[in-house]
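When a ligand or atom number is given, it counts from 1 through the structure's own listing order.
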Amino acid sequence: MGKFQVMDHPLIQHKLSLIRDKNCGTKEFREIVDEIATLMAFEVSRDMPLEDVDIETPEGIAHAKQISGKKVAIVPILRAGIGMVDGILDLIPAAKVGHIGMYRDEKTLEPHEYFVKLPSDIDQRQIFVVDPMLATGGSSIMAIDALKKRGASNIKFVCLVAAPEGVKALEKAHPDVDIYAAALDEKLNDKGYIVPGLGDAGDRLFGTK
Ligand SMILES: O=P(O)(O)OC[C@H]1O[C@H](OP(=O)(O)OP(=O)(O)O)[C@H](O)[C@@H]1O
Ligand SMILES: O=c1cc[nH]c(=O)[nH]1
Ligand SMILES: [Mg+2]
């Protein structure tokens with residue numbers, strides 16, 4: 001069973017509080033999501049494999065380490081997932097980036113896929129699927145379905161705010177996927193928004209609505 005981990009680093013918690021504030025404007029919201037994504041990438045990449053390597057330094061030979069194993073792909077769930085990409089690339093600049101477009105039907109909350117573009121070697125990569133919000137789980141479940149259909153298998157899901165319902169649904173649908181969040185909130189309201197949450201992440205990131 002994949003693990004579910006809430007990252008309690010003080011800087012992540014502090015910055016998340018800033019963007020929860022309804023008075024946090026678009027520019028600041030975007031900047032802080034970027035900062036949180038970098039901090040979360042630091043934690044999520046903690047188990048990346050290393051291999052031994054001998055490096056010639058100006059003073060001798062260093063028996064050193066380098067990242068080994070699978071290369072990384074970041075896959076944002078459009079639109080809001082886009083806001084987390086650059087912050088992760090700051091730490092893992094060689095990562096490739098795929099895109100999966102999804103929107104939730106406002107009435108049924110059903111996810112609808114409208115775009116998929118992935119690196120050709122996605123089946124060989126360690127994949128970080130990123131989306132600020134894990135509400136019913138519909139979007140993340142469908143996005144991971146789309147990845148698995150294309151041969152992907154090493155998948156982690158990284159979000160900022162998760163609802164218990166979404167965690168449960170994602171764990172059930174994809175028990176192999178580790179889930180990382182900056183907060184586990186209380187519940188979903190009747191519109192499928194996370195309470196207390198931070199509102200509509202895509203609209204807050206891109207100033208739409
Ligand atoms: O877990 P779920 O119930 O599927 O809800 C989570 C999804 O809802 C929001 O996307 P939205 O559909 O608002 O599109 P946007 O990202 O383009 O704003 C959010 O960005 C997640 O992708
Ligand atoms: O609270 C929520 C739930 C789904 N999508 C969002 O952007 N926010
Ligand atoms: Mg979205």
Rounding to 0.5 Å, atoms CD1 (Ile36) and CG (Leu160) come to a distance of 5.5 Å
Count the heavy atoms of every other residue, nucleotide or ligand shown that sit under 6.0 Å from CD of Glu106, and state whether that count exceeds 12.
-> no
Answer yes when Lys156 and Asp47 have at least one side-chain N-carboxylate O distance shorter than 4.0 Å, and no when they do not.
yes
Distances under 3.5 Å, N/O of ligand 1 against N/O of the protein: list each pair and its distance.
| residue | atom | partner | partner atom | Å |
| --- | --- | --- | --- | --- |
| ligand 1 | 1 (O) | Ala135 | N | 2.9 |
| ligand 1 | 1 (O) | Thr136 | N | 3.2 |
| ligand 1 | 1 (O) | Gly137 | N | 2.9 |
| ligand 1 | 3 (O) | Arg104 | NH1 | 2.9 |
| ligand 1 | 3 (O) | Thr136 | N | 2.9 |
| ligand 1 | 3 (O) | Thr136 | OG1 | 2.6 |
| ligand 1 | 4 (O) | Ser139 | N | 2.9 |
| ligand 1 | 4 (O) | Ser139 | OG | 2.5 |
| ligand 1 | 12 (O) | Arg104 | N | 2.9 |
| ligand 1 | 13 (O) | Asp200 | OD2 | 3.3 |
| ligand 1 | 16 (O) | Arg79 | N | 3.3 |
| ligand 1 | 16 (O) | Ala80 | N | 3.1 |
| ligand 1 | 17 (O) | Arg79 | N | 3.2 |
| ligand 1 | 17 (O) | Arg79 | NE | 2.7 |
| ligand 1 | 18 (O) | Arg79 | NH2 | 3.0 |
| ligand 1 | 18 (O) | Asp200 | OD1 | 3.4 |
| ligand 1 | 20 (O) | Asp131 | OD1 | 3.3 |
| ligand 1 | 22 (O) | Asp131 | OD1 | 3.4 |
| ligand 1 | 22 (O) | Asp131 | OD2 | 2.5 |

task: Cation-pi check, Arg79 to Phe115: give yes when NZ or CZ is under 6.0 Å from the six-membered ring centre and within 45° of the ring axis, no otherwise.
output: no
Correct closest heavy-atom pair for Ile88 and Ala37 would be CG1-O, 3.9 Å
Review point. Is a side-chain donor or acceptor of Asp105 paired with a backbone partner of Thr108 at a separation under 3.5 angstrom?
Key: yes
dist Ile194:CD1 -> Cys159:SG (nearest 0.5 Å) comes out at 7.5 Å
Any protein N or O within less than 3.5 Å of an N or O in ligand 2? List each pair with its distance, or say none.
| residue | atom | partner | partner atom | Å |
| --- | --- | --- | --- | --- |
| ligand 2 | 1 (O) | Ile194 | N | 2.8 |
| ligand 2 | 7 (O) | Ala201 | N | 2.9 |
| ligand 2 | 8 (N) | Gly199 | O | 2.8 |

Rounded to the nearest 0.5 angstrom, the CG-NZ distance for Asn154 and Lys71 is 13.5 Å
* To do: Verify salt bridge (charged side-chain N to carboxylate O under 4.0 Å, His left out) between Arg125 and Asp121, making sure each step is shown before the conclusion.
  => CA-CA 7 Å; Arg125 286 184 175 259; Asp121 61 350; 2.9 Å; yes
